[in-house]
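Structure first, commentary second.
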Protein chains: 2
Amino acid sequence: MTSPRPLRADAARNRARIMTAAHEQITEHGPEVSMEQIAAAAGVAVGTLYKHFPNKSDLVASVVAASFETLADDAEECLQRESQGSPAMAELTGFLSRVMDTVAHNRAVKAAAYALGADHAAHPAMQEVETRVTQALGRLIRTAQAQGGLRADFTVDDLYLMLYTLPADQPPTARARWLALLLTGLTAR
Amino acid sequence: MTSPRPLRADAARNRARIMTAAHEQITEHGPEVSMEQIAAAAGVAVGTLYKHFPNKSDLVASVVAASFETLADDAEECLQRESQGSPAMAELTGFLSRVMDTVAHNRAVKAAAYALGADHAAHPAMQEVETRVTQALGRLIRTAQAQGGLRADFTVDDLYLMLYTLPADQPPTARARWLALLLTGLTAR
DNA sequence: CCATAAAGTGAATGACGCTTCATGTTGTAG
DNA sequence: CTACAACATGAAGCGTCATTCACTTTATGG
């Protein structure tokens, strides 16, 4: 399942460098950075990128999927804290708030959050991560509803919709305001 | 102020054709359509576009500003109906709902709505239209608050924030859901 | 240490888009 | 009707970018 033959030492090293560089570049400049720029940042020739990834969109998808993991980890930590007594609603709003801030500074995570709300599985690598997020957040939502803090008809899809419409490129005050407006609508009457 | 010398007959005709074609193309494909494509749709050579507009972004801005007028007209009609007895809050939600539907089908209006929430005046042509929208919606908001349907701290900027985050490319059901969630947060407690 | 397959290289290719300009066309004033 | 300015034309210039491939370099098993 993993690899018929292990990678040669230099190949593995370069692959790691490429992933790191691509992650940095996409985080900073978004998915539209050129392959040349990623290659330069990795200290590698363009051709090498194509030795490891069939084309640009595959490389980008890999990076975005990796950034995606960050969201999944965060969601699962929320669930963890909840099971240790933290109010579920507080965890949910904390999650939203953090994602929003991250998205504002990280164009790769932005793409990931966007993907959640859109083409639910632009890339196979994302599907399993999506499951993790969905399960963690779903649990959190149900608990929050049981505890009475969250309106009863709220679903995970609603939350994805919110991630999709995050005003990431707005100034912090506007982002906070947006979240506040939304939250009044979400708290149980 | 208008023109030192009137346009030659053919020039005027072509200018109109270009505006129409550009509007159609941008509506359908968004601001990233090529100049070639707009020229072809107008039945004109590329060079002619540059006889009428210094560059692409000026042409796009003109079209977007024109689409912008649609929003302003709608807002002013809302105000009109309100002064004839229609509840201000209903007019506001109607406005939002219509804008969302329009944006979903019209990439030019999308750019306009987006511009409202971002660079408040990407182009001089937009500034005066923005004023119209702001005045009409501001009045509507204050009336809705006086009538008790809208939360007291809601501002025009909040509304722009909502326009900015409209989930335009989501399916109609998702769009409706989004609006519903938001509205519960906006109605006066 | 060598043979060889794996990996790396980067100039070249082709596609596409905006913009310019030398040239040809046409409306219109007189 | 003519002459000229206004206008239109579209091929060519210039960039940018993804992708390929003939060739060189290098890791590694034997």
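Atom set for the values below is all heavy atoms of this structure, side chains included, hydrogens, waters and symmetry mates excluded. Throughout, protein chains are lettered first and strands after them, A, B, ... in sequence-line order, and every chain is numbered starting at 1.
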Discussion item. To check you understand the geometry: which heavy-atom pair defines the closest contact between B:Gly138 and B:Val156, and what is its length?
Written reply: CA-CG2, 3.6 Å
Discussion item. Just the rounded figure in Å: distance from P of C:dC18 to CZ of B:Phe53.
Written reply: 15 Å
Item to complete: When you get a sec, tell me which of D:dT9, C:dC18, C:dA7 is the closest nucleotide to the side chain of B:Val44?
Response: D:dT9
Item to complete: Please report, rounded to the nearest Å, how far the C1' atom of C:dG17 is from the CD atom of B:Gln25.
Response: 15 Å
Practice prompt. Going 5' to 3' through nucleotides 25-30 of chain D, assign each nucleotide B (protein heavy atom under 4.0 Å from a base atom), S (under 4.0 Å only from sugar-phosphate atoms) or - (no protein heavy atom that close).
Written response: -BSS--
Worksheet item: Heavy atoms under 4.0 Å, any strand shown: does B:Thr48 hit a base, just sugar-phosphate, or nothing?
Response: base
Worksheet item: Starting at CD of B:Glu36 and ending at P of C:dT20, how long is that distance when rounded to a whole Å?
Response: 14 Å
Response to the item:
Side-chain atoms of B:Met35 come closest, of C:dT9, C:dC18, D:dA8, to C:dC18
Response to the item:
Side-chain atoms of A:Val46 come closest, of C:dG10, C:dC18, D:dG10, to C:dG10
Worksheet entry | Donor-acceptor contact present, side-chain A:Gln145 to main-chain A:Leu150, <3.5 Å | no
Worksheet item: Given atom CG of A:Leu49 and atom P of C:dA7, what is their separation to the nearest angstrom?
Response: 15 Å
Worksheet entry | Main-chain N/O of A:Pro31 paired to A:Arg107 side chain as donor or acceptor, under 3.5 Å | no
Discussion item. Restricting to non-hydrogen atoms, name the atom on A:Asn55 and the atom on A:Tyr50 that form the minimum distance, rounded to 0.1 Å.
Written reply: CA-CE2, 3.9 Å
Worksheet item: Within the side chain of B:Lys56, is there an N or O that forms a donor-acceptor pair under 3.5 Å with the backbone of B:Val33?
Response: yes
Practice prompt. Measure across B:Leu7 and B:Ala12 and return the closest heavy-atom pair with its distance rounded to 0.1 Å.
Written response: CD1-CA, 4.0 Å
Response to the item:
To the nearest angstrom, the CG-C1' distance between B:Asn14 and D:dA6 comes to 12 Å
Worksheet item: According to a strict under-4.0 Å criterion, is A:His52 in side-chain N/O contact with OP1 or OP2 of C:dA7?
Response: no
Item to complete: Any chance you could encode DNA chain C as dot-bracket? Rule is Watson-Crick or G-U wobble with both distances under 3.5 Å; [ ] for pairs crossing earlier ones, | for another strand.
Response: ||||||||||||||||||||||||||||||
Worksheet item: Rounding to a whole Å, what distance do you find between B:Tyr50:OH and C:dC18:P?
Response: 6 Å
Practice prompt. Before accepting this row, confirm whether a basic side-chain N of the pair A:Glu91/A:Arg139 lies closer than 4.0 Å to the acidic partner's carboxylate O.
Written response: no
Worksheet item: Quick one: A:Ile18 CD1 to C:dG8 P, roughly how many Å, whole number?
Response: 7 Å
Worksheet item: What is the distance from CD of B:Glu32 to P of D:dT16, rounded to the nearest Å?
Response: 20 Å
Worksheet entry | Residue pair B:Ala42 / B:Ile18: nearest heavy atoms and the distance that separates them | CB-CA, 4.0 Å
Worksheet item: Any idea which of C:dG17, C:dA7, D:dT9 is nearest the A:Lys51 side chain?
Response: C:dA7
Discussion item. Given 3.5 Å as the limit, does a donor-acceptor pair link the side chain of A:Ser97 with the main chain of A:Thr93, or not?
Written reply: no
